[in-house]
Amino acid sequence: MKKKIEQLIKNAIFSAVDAGELSLFNRARDQFYVDAAKDSKHGDFASTIALVIAKPEKKSPHDIAKIIIRRIDDLDNILEKIEIAGPGFINFFIKDIAERDALYGVLNEIEVQGANYGRSDIGNGKPVQIEFVSANPTGPLHIGHGRGAAVGDSLARLLSFAGYDVKKEFYINDFGSQVESLGNSIYARYALLSSGRPHGYYVSPPHGDDFSSGPPEDAPNLYLGEYISDLAQEFKARPEFEKLSEDEKKLYCREEGIKTMLRQIEDTLSKFGVSFDEWYSERKLYDPKDNLVRAAIDELREKGLVFEEGGAVWLRTTRFGDDKDRVLIRNNGQTTYFASDIAYHRDKFLRGFKEIIDVWGADHHGYIPRMKAAIQALGHNPDEFNVLLVQLVNLMREGQPVKMSKRAGTFVTLEEVMDEVGTDACRFTFLLRRPDSHLDFDLDLVKSQSSENPVYYVQYAHARLSSVFRQAAEKGIALPPIEQVNLSRLSLPEELAIIKRLSAFPELVEKAAEAKEPHRLTYYLQELAGELHSYYFRHKFISDDLELTYARMYLVEAVQQVIKTALNLLGVNAPGSM
RNA sequence: GCGCCCGUAGCUCAGGUGGAUAGAGCAACAGCCUUCUAAGCUGUGGGCCGCAGGUUCGAGUCCUGCCGGGCGCGCCA
């Protein structure tokens with residue numbers, strides 16, 4: 001219906017241009033600023049086109065509106081009337097019959113397309129890669145990773161539904177000092193276990209088992225979490241481990257530590273409903289046979305963007321808007337994290353992705369300019385590389401923030417949070433707000449208020465409808481094919497309003513995908529669920545009036561389908577009963 | 001000091017790329033289970049959109065300055 005209105009305006013403008021009443025300027029435009037009117041006094045659809053083009057046309061909006069209206073050719077006879085209102089809004093009133101026919105058509109569409117209703121091809125098969133979580137394999141995932149996982153995974157689902165060819169990737173930082181520390185930490189614990197200290201503490205902490213005051217002074221770079229001593233004890237129990245030399249044991253601690261942590265991370269994410277197409281190891285970038293870091297630096301060098309100073313090798317990122325130039329190779333010969341990242345992102349493009357999305361913690365935002373600069377230095381359009389910032393989560397308990405430090409070993413893991421509040425509530429809560437807004441996640445609140453949690457409100461709508469269908473089945477109601485159902489029995493304002501909302505779903509998907517904002521879906525879901533609950537309370541769906549019953553069954557079936565589809569895009573379950 | 005993000009109801013936040021009278025949940029108060037699930041529904045109150053200018057037909061939305069909060073500014077990752 002909206003498309004039809006747009007077409008009418010377009011034709012009217014073109015006709016006016018041909019007649020010389022409007023300038024050619026507007027022919028180039030493909031937007032006609034049509035929107036569903038918020039207030040029914042303003043009709044069904046409203047266009048601001050006259051206001052928008054008033055300036056370049058050098059005419060008053062009112063005059064332009066008059067010209068357009070005069071030239072609108074309502075071939076399908078769908079318009080009741082057109083009005084000019086306010087400063088120059090053009091309000092379209094659709095004939096009742098025409099509007100209702102269009103709405104019933106939506107129910108048909110949903111019935112036919114099922115789970116594919118809302119699917120779009122705006123992505124046009126464009127290969128997009130989205131990298132998220134990418135936590136260091138030096139400890140368990142925490143709640144911040146959970147938020148990144150929920151946002152990244154949901155965005156991937158959304159983009160895929162909108163027609164993009166999406167691949168999800170996890171970047172493993174298994175090279176450099178972080179994993180070195182992991183290995184050392186485990187080995188140190190092991191050494192202490194072997195020296196007869198039963199708990200394997202590196203030093204005796206001043207307050208018993210409590211590391212919340214920070215790492216011991218004589219071992220500032222060690223991870224102190226309980227999982228470290230767990231790993232040490234686990235390795236110590238392995239026969240193959242005890243046979244190794246001390247040097248080999250250190251290596252073993254690092255390598256097996258990484259492996260074990262990665263396995264844990266993968267398990268947690270899988271439990272969270274998140275899987276990846278690719279786990280990309282940083283070590284791969286240093287593979288001697290095709291040293292990608294060297295290749296990346298060489299490429300940049302050939303472009304004359306690399307220079308040496310103070311014994312270090314630099315990239316001239318200031319050429320592309322960065323504050324200062326950045327080091328690629330330190331004067332001790334070691335490459336920087338930045339160098340790895342450049343090689344990694346270069347490889348992403350080499351693998352054929354046309355757009356790259358990175359989901360980062362907001363505390364890394366200062367890193368964006370240099371990365372954008374690097375992308376340009378490699379000869380790419382900076383728009384092909386987008387960073388989505390996810391604000392860190394404040395984990396609360398009883399209204400008090402839970403202080404967490406990986407080093408000190410005091411943190412609540414994502415796994416624990418999931419077990420406490422449930423994965424559905426967890427994911428939905430993360431997607432309730434814009435990713436870049438701060439989020440207080442109070443465990444006790446989410447737990448105790450679980451019955452008032454928006455996720456249950458939405459899921460309940462779905463479950464409730466399942467229950468209705470069970471009732472209908474019990475009563476022996478067999479739904480005839482939709483062509484044989486008199487949908488025009490759906491005439492209540494709330495029924496038409498619900499269908500209208502259903503009809504808005506495909507556009508919502510497209511807009512949310514374009515804006516990369518999955519949280520719009522959660523808002524839509526709450527609104528739709530609200531309308532459904534209200535409708536349910538006021539009207540019986542199953543009644544002696546079979547014709548009406550059939551029509552309503554198709555309506556609520558469509559509602560259930562859209563709820564299910566949208567929940568699925570969020571990675572949240574749509575239960576049949578609760 | 002410089003840079004980025006944020007400031008909307010008592011609280012937590014939406015506000016679709018500038019549109020008509022700024023919304024929702026929670027909290028508060030008053031009601032609704034002989035009815036397909038009360039994890040639900042109905043109603044009420046609540047606002048200087050941080051402040052001050054600017055851009056234009058029109059600003060919560062865009063620009064500038066200030067105030068207040070968060071984060072970042074390494075040859076760390």
Side-chain angles (χ1 to χ4, degrees), chain A residues 33 35 37-39 41-42 46-48 50-52 54-55 60-62 85-89 91 136 138 173 175-179 181 282 309-314 323-324 326-338 340-341 361-369 389 391-392 432-434 436-440 442 445 449-461 463-472 474-475 504 507-508 510-512 514-515 517 519-520 522-524 526-527 529-530 532-543 549 552-553 556 577-578:
Chain A
Y33 301 90
D35 259 312
K38 285 177 195 154
D39 189 329
K41 271 181 284 192
H42 300 135
S47 173
T48 56
L51 296 163
V52 172
K55 188 129 217 188
S60 83
H62 206 265
F89 295 102
N91 293 334
N136 286 339
T138 53
N173 294 110
F175 186 90
S177 61
Q178 296 282 323
V179 290
S181 288
E282 183 178 1
E309 193 180 295
V313 176
W314 301 67
D323 294 340
K324 43 185 160 182
R326 307 291 175 176
V327 172
L328 297 173
I329 304 174
R330 292 185 262 163
N331 61 14
N332 66 6
Q334 286 183 333
T335 52
T336 58
Y337 182 84
F338 184 46
S340 292
D341 245 354
D363 53 338
H364 289 87
H365 72 262
Y367 199 72
I368 296 176
L389 292 178
Q391 267 297 348
L392 306 186
L432 215 44
R433 296 167 175 35
R434 285 195 0 242
D436 60 345
S437 70
H438 294 267
L439 175 65
D440 289 341
D442 192 312
L445 217 69
Q449 293 191 342
S450 64
S451 60
E452 290 149 15
N453 197 313
V455 67
Y456 298 113
Y457 184 77
V458 173
Q459 286 184 320
Y460 183 55
R464 198 171 222 187
L465 293 177
S466 293
S467 172
V468 169
F469 300 140
R470 282 193 293 272
Q471 280 290 327
E474 268 176 37
K475 291 184 178 165
E507 195 182 336
L508 174 82
E510 292 185 352
K511 290 279 175 63
E514 274 175 358
E517 293 183 351
H519 75 276
R520 291 189 196 181
T522 59
Y523 279 86
Y524 176 83
Q526 290 179 82
E527 285 164 352
L532 187 276
H533 284 309
S534 176
Y535 176 48
Y536 173 92
F537 185 79
R538 282 194 231 253
H539 306 285
K540 293 279 285 181
F541 302 162
I542 302 168
S543 67
T549 300
R552 286 184 168 168
M553 293 302 264
V556 296
S577 66
M578 289 171 69

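All chains are named by letter (A, B, ...) in the order of the sequence lines, taking the proteins before the strands, and each is independently numbered beginning at 1. Below, each value reflects all heavy atoms present in this structure, side chains not excepted, and no hydrogens, waters or symmetry copies.
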Closer than 4.0 Å, any side-chain N/O of A/Arg433 to the OP1 or OP2 of B/C13? yes
Complement of B/G65, any strand, by Watson-Crick or G-U distances under 3.5 angstrom: B/C51
Identify whether any heavy atom of A/Tyr536 sits under 4.0 Å from a base atom; if not, whether one sits that close to sugar-phosphate; answer base, sugar-phosphate or nothing. base
Using atom P in both nucleotides, what's the gap between B/G65 and B/C2 to the nearest angstrom? 11 Å
Presence of donor-acceptor pair under 3.5 Å, side chain of A/Asp35 and base of B/A20: no
Output yes when at least one side-chain N/O atom of A/Ser577 is less than 4.0 Å from OP1 or OP2 of B/A39, else no. no
Straight-line distance of A/Arg520 CZ to A/Arg434 CZ, nearest 0.5 Å: 10.5 Å
Would you call the rings of A/Tyr535 and A/His539 parallel, tilted or perpendicular if under 30° counts as parallel and over 60° as perpendicular? tilted
Applying a 4.0 Å non-hydrogen cut-off, can you work out what A/Phe469 is touching in the nucleic acid: base, sugar-phosphate, or nothing? nothing
For B/G72, is there a stacking contact with A/His364, counting only centres under 5.5 Å and planes under 30°? no
Side chain of A/His365, base of B/C71: donor and acceptor closer than 3.5 Å? yes
Heavy-atom check, side chain of A/His42 versus side chain of A/Phe89, under 4.5 Å: no
For A/Asn91, answer base if it contacts any base atom (sugar-phosphate contacts may also be present), sugar-phosphate if it contacts only those atoms, and nothing otherwise; contact means non-hydrogen atoms under 4.0 Å. base
A/Lys511 side chain: which of B/A77, B/C36, B/G16 is closest? B/G16
Between A/Arg470 and A/Gly176, just flag the one whose closest nucleotide in RNA chain B comes earlier from the 5' side. A/Arg470
Send over the distance from A/Gln526 CD to B/A39 C1', rounded to a whole Å. 14 Å
Just how far, in rounded Å, is C1' of B/A20 from CG of A/Leu51? 10 Å
I want to confirm an ordering. Mapping A/Phe541 and A/Gly310 to their closest nucleotides on RNA chain B, which one lands closer to the 5' end? A/Phe541
Syn or anti for B/C73, given that syn means the glycosidic angle lies within 90° of 0? anti
B/C41 OP1/OP2 closer than 4.0 Å to side-chain N/O of A/Tyr457: yes
Once you round it to whole Å, what is the distance between P of B/A14 and CD of A/Glu517? 10 Å
Can you find a heavy atom in the side chain of A/Val179 that is under 4.5 Å from one in the side chain of A/Asn173? no
Identify whether any heavy atom of A/Ala46 sits under 4.0 Å from a base atom; if not, whether one sits that close to sugar-phosphate; answer base, sugar-phosphate or nothing. base
Inter-residue atom distance A/Lys511.NZ - A/Glu517.CD, 0.5 Å rounding: 12.0 Å
Looking only at side-chain N and O atoms, does A/Arg330 come under 4.0 Å of OP1 or OP2 in B/C76? yes
Donor-acceptor pair (no angle test) under 3.5 Å: A/Asn331 side chain, B/C75 base: yes
For the P atoms, the ones on B/C33 and on B/A39, what distance do you get once it is rounded to whole angstrom? 15 Å
From CG of A/Asn453 across to P of B/U12 the rounded distance in Å is 18 Å
Touch class at under 4.0 angstrom, heavy-atom based, for A/Glu309 against every strand present: base
Heavy atoms under 4.0 Å, any strand shown: does A/Arg434 hit a base, just sugar-phosphate, or nothing? sugar-phosphate
Worked verdict on A/Gln178 versus A/Thr138 for side-chain hydrogen bond (donor to acceptor under 3.5 Å, both in side chains): CA-CA 7 Å; A/Gln178 296 282 323; A/Thr138 53; 4.6 Å; no
Identify whether any heavy atom of A/Ala463 sits under 4.0 Å from a base atom; if not, whether one sits that close to sugar-phosphate; answer base, sugar-phosphate or nothing. base
Do we see A/Phe89 stacking on the base of B/A20, given a limit of 5.5 Å between centres and 30° between planes? yes
In this structure, how many angstroms lie between the C1' atom of B/U12 and the NE2 atom of A/His438, rounded? 14 Å
